[in-house]
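So the structure is just underneath, and the comments pick up after that.
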Amino acid sequence: MRRGENNGVVPTYTDLMNDDSRLAAARRLDAEDPLAPYRLLFEGHDDDAITAYLDGNSLGRPLSATIGRLTAFVRDQWGGRLIRGWDEDWLQLPQQVGDRIGRITLGAGPGQCVVADSTSVLLYKVIRAALALRPERSEIVIERDNFPTDRFIVEGIAADRGLSVRWVEADHDAGPTPEGVSRVLSRDTAVVVLSHVAYRSAHIADMEAITRQVHDAGALIVWDLSHSVGSVPVHLDACGADFAVGCSYKYLNGGPGAPAWAYVAQRHQTDLSQPIQGWLGSADPFGMGSGYQPAEGIRRMVSGTPPILGMLALQDMLDVLEDAGMDAVRAKSVRLTSFAVDTVEELMGSYGVTIASPRDPDQRGSHLTIDHPEFRTMLSDLWNDGVIPDFRNPDGLRLGLSPLSTSFEETFIGIRAIAEKLQANLLD
Ligand SMILES: *Cc1c(COP(=O)(O)O)cnc(C)c1O
């Protein structure tokens, strides 16, 4: 039916299923992988109905330990301590867990990270807080291809505050570069909002160089680390970053709807004001007084009652990341995506599939986007077969390779299944 669509080249049938050499290579890489045993800690790693989970960058698998943690919490903490739990432990959890995220994954010293809200809401609060530190300036800079919520939040704030949005242009298979950012910076720039790892291409932005540029222009930077935290090590303090936010349900495996975290550099905290002044970010929540006085430090980023249940699973992942070490996690991630690039080229290169992620592993996060017009129609069949990537417009399959829960064999099996389905569609 679609014969000839592939630039007039009709692919010939290849017996992908019986080509064992790449499968053997994948198994060898697993055997040599020092982090391979961690995969056994994840729930569902041996589930025969899921042959390849390639979406840990969107929703990480649960750790088996989380079942015990959730059960024990309901029984002993919620059930046993009841309202006393707030005073005993729970009220401190947003900062305690924030500090651990900062130390283990972000290169952030204590007192600068807090868990609260969703990424979208924290973006709003943090961008407004940054703008309040640059009241004389009128522009927010953001990348054209940034994740939708980041763009929508920025556009909403700009409309609200009478500010303009300046757009950084970037190729869809790359991301923001220092050159692209420098083109739009000016004396009017108040705040720059960028993703460190691009959600589509996985391109890694040069955090150090861009942060320096933004500061040289007298502006402040907000980094969205949703696709970095837990997979690509960052060094927020060393880079002199101002603000950052990120999810905890992707590579921090916090589970569906787990809350986000925010980072505010110590030097900005004294004068910090954020727009959702709630009682639990006030200096004396239980004084029930009149008039809002912000709490000292990062605590003032909190608005309402912290999502304690939502912070449980990610603590298990922090234990595991601490044990494995972020540098080892990153090394495995690079090996996985490099293996995936080679496998895609070998099995699908002749069908016109292109790689819409950076070739240079130093510029690539932990997922890979591959493009073909046929992919849009294939996703539901793949999901039904237990091969689970996701789809991103216009025609990209996104293969998320979560370093601790994804094996090389699983990566191979997933890519082979995609190649087979594509071949069948094209020869149909
Ligand atoms: C996943 C993601 C988000 C998610 O925002 P939520 O409010 O948690 O839904 C935001 N920004 C980026 C860059 C993301 O990748």
Side-chain angles (χ1 to χ4, degrees), residues 54-60 94 97-98 101 105-106 113-128 130 140-157 167-168 170 172 174-176 191-205 207 210 221-232 234 236 241 243-263 274 276 301 303-304 306-307 310-311 313-314 317 333 356-357 364-369 389-393 396 398-402:
L54 305 178
D55 221 348
N57 60 327
S58 206
L59 180 69
V97 177
I101 295 173
T105 68
L106 304 174
C113 295
V114 72
V115 178
D117 311 308
S118 64
T119 316
S120 302
V121 171
L122 276 184
L123 270 168
Y124 178 80
K125 290 160 74 167
V126 155
I127 295 168
R128 285 283 312 267
I140 310 176
V141 165
I142 185 165
E143 189 218 331
R144 176 94 57 200
D145 211 23
N146 207 333
F147 191 78
T149 217
D150 300 58
R151 291 183 275 114
F152 299 161
I153 297 280
V154 162
E155 289 177 312
I157 291 175
W167 299 94
V168 180
H172 97 140
V191 176
V192 177
V193 181
L194 295 175
S195 288
H196 176 236
V197 173
Y199 79 98
R200 191 178 192 289
S201 71
H203 174 269
I204 299 179
M207 180 180 282
I210 293 175
I221 183 102
V222 175
W223 285 107
D224 188 328
L225 303 181
S226 292
H227 279 281
S228 317
V229 61
S231 67
V232 181
V234 295
L236 289 173
F243 298 88
V245 295
C247 317
S248 68
Y249 50 81
K250 292 173 178 165
Y251 297 105
L252 291 184
N253 304 56
W261 54 267
Y263 164 92
Q274 59 95 350
I276 307 179
M301 287 307 297
S303 299
M311 277 182 243
L314 79 101
M317 191 59 180
S333 164
S357 296
R364 188 173 66 221
S366 208
H367 66 270
L368 192 68
T369 295
D390 64 16
F391 181 80
R392 285 294 177 267
N393 279 328
R398 200 174 60 160
L399 316 177
L401 306 172
S402 192

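Start at 1 and go down the list; that is how both ligands and their atoms are numbered. Residues: numbered from 1 along the sequence shown.
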Proximal protein residues to ligand 1, non-hydrogen atoms under 4.0 angstrom: S118, T119, S120, F147, T149, D150, S195, D224, S226, H227, C247, Y249, K250

With V154, the side chain to side chain contact (heavy atoms under 4.5 Å, CB included) member among I142, L123, N146: I142

Interatomic spacing from NE2 in H227 to OG in S195 - rounded to 0.5 Å: 7.5 Å

T369 side-chain N/O to S357 backbone N/O, donor-acceptor pair under 3.5 Å: no

Pair T149-S120, side-chain donor/acceptor within less than 3.5 Å: yes

SB check R200 D145 (cutoff 4.0 Å): no

Any residue meeting ring-ring contact (aromatic ring centres under 6.0 Å, His included) with F391, in chain and number order, not counting sequence neighbours: none

